[in-house]
Amino acid sequence: MRAVTISEPGGPEVLEWAEVPDPVCGPGEVVVDVAATAVNRADLLQRQGFYPPPPGGSDILGLECSGLISEVGEGVTGWSVGDEVCALLSGGGYAERVAVPAGQLLPRPSGVELATAAALPEVTCTVWSNVFLLAGLRRGDSFLVHGGSSGIGTMAIQLAARAGARVFTTAGTAQKLDACRELGAEVAINYREEDFVERIREETDGAGVDVVLDNMGAKYLGRNVEVLATGGRLVSIGFQGGTKGELDLGALMRKRGSVAATSLRFRPATGPGGKAEIVAAVLHDVWPDVERGVVRPIVDRRLPMSRAAEAHSVLEASEHIGKVLLLTDS
Ligand SMILES: NC(=O)c1ccc[n+]([C@@H]2O[C@H](COP(=O)([O-])OP(=O)(O)OC[C@H]3O[C@@H](n4cnc5c(N)ncnc54)[C@H](OP(=O)(O)O)[C@@H]3O)[C@@H](O)[C@H]2O)c1
């Protein structure tokens, strides 16, 4: 098969569409003939040599895909050759074929075209596991997601608004702020022009927000704690602003707040807190609203896999709103 390979750690130009061995379908796995994958920010780090796959994982990029099942491994029940699916992966999505543990498959939602379904697994699983299962966002809560126009942000806004939370977000341009409002954000703050802590305090009569989903890590740690309401929960899923920051435990204690940091990719495939458990929760709690069109995959553009380098440049320049898809057949 063909896959996007990395000739050496570096810029987007090191990505090559090349021949590689086919994946082997292990017990408990299926092979998916890939229709599309989606680019995640983590892919840029892996390309640069900073984010190696978990032990035993494919060294091909790609944390999600959609496509048709072409092989069903020993012990797999409930899935058949020809089924249209999308899947959460630990790697391997930038390829014509990928082997996936069956617990990480989701059926293509009705009403969502097969290639577009590749935009869903990583964002739905990340947002559901962190904002709802971990931080327990509820109706009437207030919620801040940074980078509201990102792949993650566009899904977080929709899921939080659907749950009846009051949604605040940050983004870097007027066009992105508009997109966030259209998706359900009540207050969208330009992080280049305004201090989000001050603005949210004004908007909440000084109370702050119940849950923060953070992508910036160290750079925003202090301000994210400042903006938490009493009993607030900060969940950090990205470190675009560095990994090592100073945490004011006194401030956190006074608020009875909590801080967590999680990674979806490094969760085990099965068992408590594993990927299969999250995928099952997403199928139960999110998929029905995707099928009703209440929650939508937001796709910025579609490119052929052979142009993966261009897709990475788009993400690096943050030109996109939502997800960038890479398709095998164009
Ligand atoms: N831990 C996990 O399991 C997990 C899983 C998936 C994703 N993630 C993380 O979630 C984040 C989003 O991922 P993605 O793939 O959706 O990325 P993405 O689409 O590339 O988005 C990155 C976002 O960062 C925003 N940003 C940059 N500087 C900012 C600042 N100073 N303040 C606020 N926002 C800022 C950008 O906003 P502008 O374009 O407006 O500048 C953009 O929306 C990444 O950090 C990624 O690593 C983590």
Side-chain angles (χ1 to χ4, degrees), residues 1-8 12-40 42-44 46-47 51-54 56-74 76 79-109 112-123 151 265 269 275 279 297 299-315 323-330:
M1 68 167 183
R2 285 170 303 173
V4 176
T5 60
I6 302 172
S7 55
E8 58 180 330
E13 69 286 351
V14 303
L15 300 179
E16 288 169 7
W17 186 229
E19 287 289 332
V20 300
D22 271 27
V24 176
C25 188
E29 293 185 335
V30 307
V31 169
V32 175
D33 283 0
V34 175
T37 186
V39 183
N40 285 281
D43 304 343
L44 313 184
Q46 186 172 338
R47 187 202 71 219
Y51 193 59
S58 167
D59 59 5
I60 296 171
L61 296 174
L63 300 175
E64 56 194 332
C65 74
S66 61
L68 291 178
I69 293 181
S70 60
E71 223 178 308
V72 176
E74 198 189 308
V76 173
W79 297 103
S80 307
V81 168
D83 284 352
E84 294 189 329
V85 295
C86 55
L88 182 68
L89 308 172
S90 301
Y94 286 34
E96 289 176 321
R97 306 184 80 208
V98 63
V100 192
Q104 289 164 220
L105 295 169
L106 288 151
R108 174 184 67 77
V112 177
E113 181 239 337
L114 185 60
T116 307
L120 287 167
E122 180 74 17
V123 293
R265 190 183 196 186
K275 293 191 182 82
V279 165
V299 175
D300 180 88
R301 71 189 77 187
R302 297 153 197 270
L303 291 166
M305 276 207 198
S306 54
R307 283 164 63 189
E310 191 179 327
H312 276 216
S313 299
V314 167
L315 246 80
K323 303 283 287 189
V324 175
L325 295 183
L326 291 172
L327 277 61
T328 48
D329 73 345
S330 48

Exercise. Can you find a side-chain donor-acceptor pair between Tyr51 and Asp43 that sits under 3.5 Å?
Worked result: no

Exercise. Does the side chain of Thr328 pick up a donor-acceptor pair with the side chain of Arg2 at under 3.5 Å?
Worked result: no

For this session: Report the C-alpha separation of Val31 and Val100 in whole Å, then their side-chain angles, then the decisive distance to 0.1 Å, and conclude whether the side-chain contact (heavy atoms from CB on, under 4.5 Å) test is met.
Result: CA-CA 6 Å; Val31 169; Val100 192; over 6 Å; no

Side-chain heavy atoms of [X] within contact of [Y], under 4.5 Å:
{"X": "Ser80", "Y": "Ile69", "answer": "no"}
{"X": "Leu61", "Y": "Thr5", "answer": "no"}
{"X": "Glu29", "Y": "Val76", "answer": "no"}
{"X": "Leu315", "Y": "Val324", "answer": "yes"}
{"X": "Val85", "Y": "Pro107", "answer": "no"}
{"X": "Leu89", "Y": "Cys65", "answer": "yes"}
{"X": "Val81", "Y": "Val72", "answer": "yes"}
{"X": "Ile6", "Y": "Leu15", "answer": "yes"}

Problem set entry | Lys/Arg-Asp/Glu bridge criterion (N-O < 4.0 Å) met for Arg108, Glu113 | no

Exercise. If you measure from the Lys or Arg side-chain nitrogens to the Asp or Glu carboxylate oxygens, is any gap between Glu13 and Arg47 under 4.0 Å?
Worked result: no

Determine yes or no for a side-chain-to-main-chain donor-acceptor pair under 3.5 angstrom, with [X] supplying the side chain and [Y] the backbone.
{"X": "Asp22", "Y": "Met1", "result": "yes"}
{"X": "Ser306", "Y": "Trp17", "result": "no"}
{"X": "Lys275", "Y": "Leu88", "result": "no"}

What is the distance from atom [atom1] of [X] to atom [atom2] of [Y], rounded to the nearest 0.5 Å?
{"X": "Leu106", "Y": "Cys86", "atom1": "CG", "atom2": "SG", "value": "5.0 Å"}
{"X": "Ser70", "Y": "Asp83", "atom1": "OG", "atom2": "CG", "value": "11.5 Å"}
{"X": "Leu114", "Y": "Glu84", "atom1": "CG", "atom2": "CD", "value": "5.0 Å"}
{"X": "Ser90", "Y": "Arg265", "atom1": "OG", "atom2": "CZ", "value": "7.0 Å"}
{"X": "His312", "Y": "Leu44", "atom1": "NE2", "atom2": "CG", "value": "5.5 Å"}
{"X": "Arg97", "Y": "Ile60", "atom1": "CZ", "atom2": "CD1", "value": "12.0 Å"}

Minimum heavy-atom distance between [X] and [Y], given as atom pair plus value:
{"X": "Pro23", "Y": "Ala99", "value": "CB-N, 3.9 Å"}
{"X": "Val299", "Y": "Ala119", "value": "CG2-CB, 4.1 Å"}
{"X": "Gly93", "Y": "Val34", "value": "O-CG1, 3.9 Å"}
{"X": "Arg302", "Y": "Thr116", "value": "NH2-OG1, 3.0 Å"}
{"X": "Ala95", "Y": "Ala3", "value": "CB-CB, 3.7 Å"}
{"X": "Ala269", "Y": "Gln104", "value": "CB-OE1, 3.5 Å"}

Exercise. Does the pair Leu325 and Thr37 meet the rule for a side-chain contact (heavy atoms from CB on, under 4.5 Å), with working shown?
Worked result: CA-CA 6 Å; Leu325 295 183; Thr37 186; over 6 Å; no

Exercise. Can you check salt bridge (Lys or Arg N to Asp or Glu O under 4.0 Å) on Glu64 and Lys323, steps first, answer last?
Worked result: CA-CA 12 Å; Glu64 56 194 332; Lys323 303 283 287 189; 2.7 Å; yes

